[in-house]
Protein chains: 2
Amino acid sequence: MKGRRAPGLSAVAERAGVSVSLVSRILTGDATLRVRDDTRQRVIQAAEELKYVPHVSARALRLAKAGAIGLVVQDVSNPIHAEIIRGAQLATAAHGQVLLLADSPELASNAQAFDRLIGEGRIDGLLWQSSGLDFDDELASRAAGHLPTILVNNRPRAGVPGIRLADEEAAALAVEHLIELGHRDIGFVGGRAVTDISVRRLAGFREAMDRHGLPIRPEWIIAQEWDAAAGHAAMTSLLACPRLPTAVFVANVVVAVGALAAAREHGVGVPGDLSMIAVHDAWFVEHGAPPLTTVLLPLRELGRRAVELVLGDDLDGPEGGHLITDPPPRLVVRGSTGRP
Amino acid sequence: MKGRRAPGLSAVAERAGVSVSLVSRILTGDATLRVRDDTRQRVIQAAEELKYVPHVSARALRLAKAGAIGLVVQDVSNPIHAEIIRGAQLATAAHGQVLLLADSPELASNAQAFDRLIGEGRIDGLLWQSSGLDFDDELASRAAGHLPTILVNNRPRAGVPGIRLADEEAAALAVEHLIELGHRDIGFVGGRAVTDISVRRLAGFREAMDRHGLPIRPEWIIAQEWDAAAGHAAMTSLLACPRLPTAVFVANVVVAVGALAAAREHGVGVPGDLSMIAVHDAWFVEHGAPPLTTVLLPLRELGRRAVELVLGDDLDGPEGGHLITDPPPRLVVRGSTGRP
DNA sequence: CTGGGTCGTGAAAACGTTATACCAACAGAA
DNA sequence: TTCTGTTGGTATAACGTTTTCACGACCCAG
């Protein structure tokens with residue numbers, strides 16, 4: 001599995017017949033360096049012949065820069081998070097950096113591991129995909145004391161900068177679609193109620209309803225958790241209401257999967273008896289029964305921008321934090337919405 | 001965002017009034033060291049007061065050990081891969097290591113990034129979640145030349161060790177279930193045909209059919225890709241056969257989502273007209289229409305073991321590679337299978 | 001032919017660890 | 001007293017980079 005030791009700068013220098021420092025300056029592209037062109041070529045060729053690759057720990061030690069950024073997410077198997085990860089990964093790669101993955105429950109349960117992660121100089125910045133769990137703020141702000149840190153998919157919070165999507169607009173867009181179809185009785189199924197995302201999507205929902213002069217019934221507003229099981233439970237309790245809405249806005253497509261199942265189990269036809277629209281798009285929605293109408297938000301872009309802000313140490317955005325408006329939320333009409 | 005520089009060994013040494021080397025030896029738990037107990041306490045206390053955290057690059061440089069392992073996956077948003085990632089993450093964390101995430105298409109398209117990743121000493125080992133794409137073998141075996149490398153979810157291949165699940169047994173278990181229900185005409189929908197997993201599941205399928213003396217119809221064997229769209233296409237072409245099976249085994253639950261949708265679109269009732277069973281379990285299957293009957297395989301354990309093998313540099317397993325048999329494949333009966 | 005300014009390159013220190021070798025002090029034995 | 005061994009440490013040299021500074025050679029002006 002192993003060959004001999006990897007060649008270092010000194011091996012290249014020896015082969016090219018020059019000093020170590022010269023090799024370093026040539027290979028890193030030092031602009032202030034004046035060197036004869038044939039020497040430069042000799043060095044470059046020697047490096048190629050030896051397949052020289054700089055040793056990252058040595059460089060990191062010298063530069064006090066790790067060349068890596070960390071991404072903390074609550075749950076990798078959530079497809080929404082997966083898209084963010086993907087975006088972050090592409091961005092780090094594009095900047096010659098590398099992505100470290102950790103998960104927040106694990107870090108919360110192991111304080112020492114957390115202190116190491118943020119203190120040992122392994123990463124230059126941290127993306128915190130916040131969960132809304134209780135340890136969340138505490139850890140994130142502790143991290144921010146050591147590293148450029150940004151809350152992904154959140155407003156700034158506890159003194160930590162944040163970046164978010166156009167959640168209000170997305171929710172409004174969804175509601176407009178329902179209204180346009182003729183719905184007036186519209187319910188809301190959210191995620192974990194304390195999370196910023198759920199709050200913002202509810203705000204967008206309210207705003208759109210108000211703007212069209214439609215009443216909001218408190219018993220049609222349910223927010224529990226961000227997973228499918230919660231969606232199932234939420235829809236079940238919604239369907240227990242004496243009077244039912246003709247359409248429901250679901251704050252997240254994962255939650256919608258559970259909600260859809262619950263509706264089906266209760267014999268409520270979608271979109272016949274109840275229209276449903278959800279935020280985010282994912283690989284599975286078009287194969288649903290029925291395929292879900294959704295509002296597409298640029299999750300990948302979210303991951304990408306977060307990385308760039310952290311790398312550029314350009315964290316303090318406008319009031320309310322950084323906001324991704326391009327591309328704007330887009331309505332993807334499929335089979336789960338129709339006339340009341 | 002930043003405080004002052006992180007304290008180093010020398011800061012701790014100064015505060016405790018001892019030498020740097022003593023601090024190092026105490027803090028790393030050098031067994032050959034003889035030291036007075038009060039000195040030891042003084043050092044430990046000083047380290048705590050300063051919140052000393054060892055600088056990982058310096059340590060990596062000195063020890064020629066990075067303290068990280070890399071995980072290359074083809075697509076993060078595949079829920080199957082997500083489970084493997086999760087297992088790998090838990091295992092690395094448990095060993096005080098850290099997990100680096102990369103994706104194979106990206107690495108394939110950027111040869112320099114790949115050479116860096118495996119050459120720059122950033123990781124001590126590599127987990128390669130192979131994709132069956134054309135670049136796959138090439139890259140994996142190149143990696144294996146630099147680092148302890150293991151193919152996850154694969155037999156050994158191209159000289160690279162591998163670890164896999166009990167795919168044959170899982171397939172057989174699924175087929176047995178169908179046979180027990182009374183099915184005799186059973187089809188097979190695989191994944192990308194060249195991948196080891198698809199091959200092995202097909203082998204398990206054939207073996208179980210043979211054992212029960214059931215004929216296998218070539219036109220009922222379809223293998224295309226590992227995603228839902230491919231499942232949709234496969235099922236569509238299966239349903240075009242003049243004579244249809246009464247049940248179908250699908251090699252992967254993601255593929256099954258597409259297959260299920262295709263059946264629905266063609267008015268084929270599941271399980272009324274066609275029973276369906278798939279390999280792996282994921283969060284969305286129980287909310288399907290109908291909820292899928294599956295065979296559960298220990299994906300997380302796969303990730304965990306792979307990490308441990310790489311860390312222990314214990315790669316060359318038995319003929320055919322390492323095989324995870326514990327826990328064994330388990331049948332999870334839901335609503336997609338029934339009597340013919 | 002002396003002096004200052006480039007041009008091209010090399011020497012050396014530093015980053016924070018760990019490992020090896022060594023040493024001072026003291027005890028007990030001869 | 002001198003020798004030997006143990007106890008409790010310290011000094012130092014790496015690991016592979018990057019960066020600062022210095023230096024020899026050459027050129028041109030005075």
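Residue numbering restarts at 1 for every chain, and letters A, B, ... go by the order of the sequence lines.
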Considering only distance and modelled atom types, tabulate donor-acceptor pairs under 3.5 Å from the side chains of residues 78-102 of chain B, sequence neighbours left out.
residue : atom : partner  : partner atom : Å
B/Asn78 : OD1  : B/Ile80  : N            : 2.8
B/His81 : ND1  : B/Asp75  : O            : 3.0
B/His81 : NE2  : B/Gln129 : NE2          : 3.4
B/Glu83 : OE1  : B/Arg300 : NE           : 3.1
B/Glu83 : OE1  : B/Arg300 : NH2          : 3.4
B/Glu83 : OE2  : B/Arg300 : NH2          : 3.3
B/Arg86 : NH1  : A/Asp103 : OD2          : 2.4
B/Arg86 : NH1  : B/Gln89  : OE1          : 3.4
B/Arg86 : NH2  : A/Asp103 : OD2          : 3.2
B/Thr92 : OG1  : B/Ala88  : O            : 3.0
B/Thr92 : OG1  : B/Gln89  : O            : 2.8
B/His95 : NE2  : B/Glu308 : OE2          : 3.4

Would you list the protein and nucleotides 13-15 of chain C atom pairs, both N or O, that sit under 3.5 Å from each other?
residue : atom : partner : partner atom : Å
C/dA14  : N3   : A/Arg62 : NH1          : 3.4

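- A search for side-chain contact (heavy atoms from CB on, under 4.5 Å) contacts involving B/Val35 returns B/Leu22, B/Ile26, B/Leu33, B/Thr39, B/Arg40, not counting sequence neighbours.
- Of the residues in residues 24-34 of chain B, B/Arg25, B/Arg34 come within less than 4.0 Å of DNA chain D through at least one heavy atom, sorted by number.
- Remark: B/Val18, B/Ser19, B/Ser21, B/Leu22 in residues 11-22 of chain B come within less than 4.0 Å of DNA chain D through at least one heavy atom.
- Residue pairs satisfying the salt bridge (charged side-chain N to carboxylate O under 4.0 Å, His left out) criterion with at least one member in residues 87-97 of chain A, sequence neighbours excluded, are absent.
- Taking A/Asp326 as the reference, nothing meets the side-chain hydrogen bond (donor to acceptor under 3.5 Å, both in side chains) condition, with sequence neighbours excluded.
- Qualifying side-chain contact (heavy atoms from CB on, under 4.5 Å) partners for B/Pro54, counting only residues two or more places apart in sequence or in other chains: B/Tyr52, B/Arg59.
- With sequence neighbours left out, the side-chain contact (heavy atoms from CB on, under 4.5 Å) criterion links A/Asp136 to A/Trp128, A/Ser130, A/Ser131.
- For residues 42-55 of chain B, every residue pair satisfying the salt bridge (charged side-chain N to carboxylate O under 4.0 Å, His left out) rule, not counting sequence neighbours, is listed here: B/Arg15-B/Glu49.
- Applying the side-chain contact (heavy atoms from CB on, under 4.5 Å) criterion to B/Ser21, with sequence neighbours excluded, gives B/Ser19.
- Applying the salt bridge (Lys or Arg N to Asp or Glu O under 4.0 Å) test to B/Glu138 and every residue at least two apart in sequence or in another chain returns B/Arg142.
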